Structure formats: C-alpha cells, structure tokens
Chemist: 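Sharing a structure with you now.
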Amino acid sequence: MKDMSAAFIQMRVPVERNQPVARNTYLLRFRAADMARSIKPGQFFMVRLPQGSDPLLGRPFALYDTVLDETGTPVGIDFVYLVVGKMTSRLSQLRPGDELEVWGPLGNGFPDLADVEHVGLVAGGIGQTPFLAYARSLRGQRGYGDAALRKQPARVSIYYGVRSADLLAGVADFQATGAAVHIAAEDGSAGFHGRVTGLLADHERPQHLVGCGPEPMLHALADLARAWKVPCHLSLETPMACGVGICFTCVTPVRTADGWDYRRVCIDGPVFDAACLAWTE
Amino acid sequence: MAELGVTLGRLRLRNPVLAASGTFGYARELAGVVDFSLVGGVIPKTVTCQPRLGNKPPRTVETASGMLNAIGLDNDGLEHFIAHHLPYLRGLPTAIIANIAGKSEAEFFEMGERIGREAGLAALELNLSCPNVSGGVDFAIDPAVTRRVVEGVRKVCPLPLIAKLTPNVTSIVPIAQAAADAGADAVSLVNTFIGLAIDWRKRRPILGNVTGGLSGPAIKPLALRMVWQVARQVRIPVIGIGGIASIDDVMEFLIAGATAVQVGTANFYDPTACTRLASELPAALAQLGASHMSDIIGTLDA
C-alpha cells in the first residue's frame, strides 16, 4: 500500500476573480502560492465557505490551471465550476476579496505518459476542467509541481462533449495549448451532433486515452478503449465529504488479486486505470 | 497556564480533545497537516473481526448543518488493523484508543482479548452503536446487553474501556448506568441519530443504505441534553460527542458534564479542527478564571 501521508495544505485564501465563462459556468481564481507551486494536473483541492454551517462540507474541484506572476512563479489557482446546487450557487456570488477555506493538493493526478506520442483527452461537460493543465504539460508548455518540463511535446487531441453549445467553456484555452480540439454537442448546436464517444469513434485512435466526465460517459469510453485495445485512464468524480481519505464516502469498486474491494477515490484516485475499475460490482 | 489534563477512570489524557472514530481515518491520512502531539487522543476507524466491504454508495449526503452517513464499517478486519495500522498508530505522540465492533457478544470478547494483548494502546472504545450495519445488532439499545458486553470484555482485556452509546433509545441513562455497573471507565455519547434523506423526484432514498446516521452541528443540542442527563446521574466520566466544531461547542459540552470531547464531522470540513480546538482551550478556561479542567466540568448552573 502506498504512503498516504502526502502533505497537503489547509489555508484561508482570497478570491481574486470569479467570472462567468459559459452558461451556469464560472472561473474562480484564488491566491495560494504554496499550493500553486506543488499541485499537478489531475489533482484537486477542497473548497469551503469559511463562515456558517450550511453548506457544511467542502466540495472537491480540479485544478484548471495555475496562475504565474511576472517572474513565472506560481502564485494562484484557477478552477472552473458549474452551478449545480447550494454550494456552487453560493460560490457564484463571491466577489474579489471574499475568502475561501481550501485544502490540497489532493489525489494522485494524471499519469506522466512520457513515452506516448499521441494522447486523446476526452471530456464530458464540466469534466473538461482538469484537462487544460494536463494538455499544457503534455505539450511541454508548462511544468507543474516538481515535474520537469516535458522536452518532446506530445500530440494532444481533445474531444469535448456538451449537452448544448452554450455550455462550452475554455475552448480557446484548450486551442492555445496547440492541441487539436474536437467538439460534440448532444443537441447539434456545435460541432459533431451527438455524444463525445461518438465523436471520438469518428477519429484516428490515440495511443492513450484519458477521460473525465459523467459516469455513463466514462463507461462508454472504457468500453471503446477496450475494443480498440488502447490504454485508458479515467478521472472519477464520486461525491466526497472530506477529500483526504478519512470519511470513506467516495469509494469505487476496484479489482484486487482476489476479487474487488472499495477504494477511496480521493486518495487512491481520482485517476484510475480503466482496466482496474470493477464497475459491475 | 491552565492544566488541561483529564482522567477518565484508568485513562489519563493530556487534554480533553479527541478525534472521533470514523472521522479521522487511521490518522496517517492527516499526518501532513495535524500535529498529533497537540491532540488529547485519536480513535481510529472502527475495526471488525472480519474484513467488511461496507455499504453501497452513495454513503453520505449533506443535510442542513449536518450530514447523514451510512459507511457500513468498511474496514479490512482486526488482523490487518493489528499488522498494518497499529504499528503506525502506536508510534504517534498521542493517546491511541482502538475502537471495535463485534457482530455478537462472543465476537466482542474475542476481539477485546486479542487487541488487549497489543502494546501501545491507551484504551479500547466499544462501538455498541453503529446504526449502519445491515442485520447487525445494536447492543446499546438494551441495558442488559450493554452490561454483558462490557463485563465480558472487561474480563479478558486489561485496557481502560469506553462504551460508545447510541442516542436512538427512549432513555440513555439506564444504558450508561449499565455500562458503569459493568466496569466501563467511561461512556462516549452520542453516536449518530438515524435519519433519512429522499430524492422526491425519483421517489428514492439518497443513500445506498436507505437510512444513515445524522451528525454535525445539527445534532449538538440533542447531544448536549444527553450528555448533561448522563453526567448528572451516572458516576463514570462522559465523553461528549455531537457537532463539536468550535471552542464554544467544546466548552458547552464540558460545562454540561463531559470530561472529554470527541470531534467528529468537523474533521471532514476542517482537517485541523482537533489541534485548533485544543490550542484554544486555555484561553477559554481563562475566561472563566479556571486553572484546571475540574473547575469547569459539570458546572452547569441549572
């Protein structure tokens, strides 16, 4: 079993920016130099409103990107969120100078894929949020945490599916990484008319697939990867209460030597090799 | 500087702030942020005799100022705990109180005997009250059963014993009294209140287990009432649990009669809550002119 004592930081941070980027979708920037220096693509952090007890628990958000100062030092963190409930609607009302309680970085992050020439990133809806930093690191544009800058840029294709075009967020950011960005909308309002896995099936097979999005989409992606015999990693989004491994809320069934067992997505994930997941249990 | 030490039967703690079982993992998850030497003690997640998968997700849901949980005692069993977690835990600079749950009285005795042979434990807490184990027996709804379990473990285990009680009873005092009569060093109360959350559009319960245990600030007044009642009427020390998240909460439980407190749900939304509360205690005591814990415990003027 791996060491679970990886250090994270708990801190009170000021909001620097909180602006709409698509329908019901916002980008929030907070200042947190220590966390920005250590966080890696695919990792997440917990965010809580400091005052009050309703909403009570923190919510997990993935790193969208780190913010650099004029010297290139990481000083802040951006995350992108969709307003879905009590906590996210309260978040959407925050203004610059308001404070958040945050703790992180948490989770394992995306695989390095140093030797892979063509990586396919497959995003469903708000599942796009962890892919900007990952695309930048795969493209050799930015190093994160203690990882060295990738010397040989990978070819990156991003497949991004939404229900309708007004939910598309960050497309220009993804394009700026030099990745090929392919869009699907279920209602036909942008790009490919249909689901993101349909869009992906229309294209050349990448050598490695990485997905994030709603669970039915991840199932379909895992099935496609298996049929194609392409390795696939998935970032799961199970509900969490603590984010740090102490509550055992966010478990998902994972294959073991003698069957399966529940594993905590927050500390054993959120990124798993799709072949290890035992979803049928 | 106030003296923060407290005594619960044969158990001595450097301060009265404990991390509650099931809300602190196996402590190592928090090693990066918690200075264990500042915490009165840590109670790792409940251990059962055999490994348990736990309940089907969703396992928790947030409710108004609280949460419902139905984890279902997901753990890898007693032998794994002893081989894998205990060596780490006993090296921590704080009191470690193991917590066990048996499926039967005999299993409690067997586990108590086994874990009682291990070094490095300050005490043993008996989880007589997990509400989420399907088909399980809630031992602490019947004074006679509570008495038999505590008595039986007492015979085979040399550790100080704490009986953790459920609030889901008509009257908790006779049950705490039974634990006292059977030789428990302390009782901890309360475990969670059984509740239900519903998605009416789907006509479905939200939790995989249907019902779950309510915890968090929402239950604090209910827990305070029970701590106060038991502390007045039962002669062994009470450890108060229920929505403790601030130093005011800690002080309220102590004044109500708790000799120590356990911080539970707050660990989930404030991973350093235990150390913060312990560090804020001297200033709160000073506000009442108190120099020892005994100057404030059970001093409610009611």
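We name chains A, B, ... by the order of the sequence lines, and we start the count at 1 in each one. As a basis for the values below, the full set of heavy atoms in this structure was taken, side chains included, without hydrogen atoms, waters or symmetry mates. Because the structure is predicted, anything quoted here is derived from the model rather than measured.
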Chemist: Counting only N and O atoms by type, is there a donor-acceptor contact under 3.5 Å from the side chain of B:R59 to the main-chain atoms of A:F248?
Modeler: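 Yes, the answer is positive, given that a donor and an acceptor are paired below the 3.5 Å cut-off.
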Chemist: Would you check if A:Y262 and B:I71 make a side-chain contact, meaning some heavy-atom pair closer than 4.5 Å?
Modeler: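 Contact flag for A:Y262/B:I71 side chains = no.
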Chemist: Heavy-atom count check: over 12 atoms from other residues, nucleotides or ligands less than 6.0 Å from A:R195 CZ?
Modeler: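 No - once you tally the heavy atoms of other residues, nucleotides and ligands closer than 6.0 Å, there are 12 at most.
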Chemist: Show the numbers, then the answer: is there a side-chain contact (heavy atoms from CB on, under 4.5 Å) between B:Y269 and A:L49?
Modeler: CA-CA 10 Å; B:Y269 60 90; A:L49 304 170; over 6 Å; no
Chemist: Would the number of heavy atoms belonging to other residues, nucleotides or ligands and lying under 6.0 Å from CZ of A:R163 be above 12?
Modeler: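 Incorrect, the count does not exceed 12.
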Chemist: Could you state the interatomic distance from SG (A:C247) to CG (B:D74), rounded to the nearest 0.5 Å?
Modeler: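 Spacing of SG (A:C247) from CG (B:D74) equals 11.0 Å.
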Chemist: Between A:Q10 (side chain) and B:T272 (backbone), is there a donor-acceptor pair under 3.5 Å?
Modeler: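 Checking the backbone N and O of B:T272 against the side chain of A:Q10, a donor-acceptor pair under 3.5 Å is found.
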Chemist: Tell me which of these, B:V61, B:T63, B:V33, B:N267, has more heavy-atom pairs under 4.5 Å with chain A than the rest.
Modeler: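 Highest number of heavy-atom pairs under 4.5 Å: B:V33.
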Chemist: In plain terms, say whether B:E62 and A:K86 are close enough for a salt bridge, that is, a side-chain N and a carboxylate O under 4.0 Å apart.
Modeler: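 So B:E62 does not pair with A:K86 through a salt bridge.
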Chemist: Would you call A:D261 and B:L53 a side-chain contact if the rule is heavy atoms closer than 4.5 Å?
Modeler: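 Of all side-chain heavy-atom pairs linking B:L53 with A:D261, at least one is under 4.5 Å.
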Chemist: At a 4.5 Å cut-off on heavy atoms, which part of B:K45 comes close to chain A: side chain, backbone, both, or neither?
Modeler: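 Just the side chain, heavy atoms under 4.5 Å.
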Chemist: Do A:L56 and B:P217 have side-chain heavy atoms sitting under 4.5 Å apart?
Modeler: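 Yes, close enough: below the 4.5 Å cut-off.
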Chemist: Tell me whether B:Q50 at atom CD has more than 12 heavy atoms from other residues, nucleotides or ligands lying less than 6.0 Å away.
Modeler: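 Not buried by this count: 12 neighbours or fewer within 6.0 Å.
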Chemist: Walk me through whether B:F268 and A:M240 qualify under side-chain contact (heavy atoms from CB on, under 4.5 Å).
Modeler: CA-CA 10 Å; B:F268 297 158; A:M240 290 178 186; over 6 Å; no
Chemist: Only pairs of heavy atoms separated by less than 4.5 Å count here; which of B:S65, B:G25, B:A64 has the most with chain A?
Modeler: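 Option with the greatest count: B:S65.
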Chemist: Please walk me through it: do B:E29 and A:V244 pass side-chain contact (heavy atoms from CB on, under 4.5 Å)?
Modeler: CA-CA 7 Å; B:E29 294 90 342; A:V244 301; 5.6 Å; no
Chemist: I'd like to know which of B:G22, B:P57, B:G216, B:A245 tops the heavy-atom pair count under 4.5 Å against chain A.
Modeler: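 Of the options given, most contacts go to B:P57.
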Chemist: So which of A:P239, A:C250, A:P55, A:G243 has the largest heavy-atom pair count under 4.5 angstrom toward chain B?
Modeler: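 Among the listed options, the one with the most contacts to chain B is A:P55.
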Chemist: Could you tell me which portion of A:P253 (side chain, backbone, both or neither) has an atom closer than 4.5 angstrom to a non-hydrogen atom of chain B?
Modeler: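 Contact with chain B involves no heavy atom of A:P253 at all.
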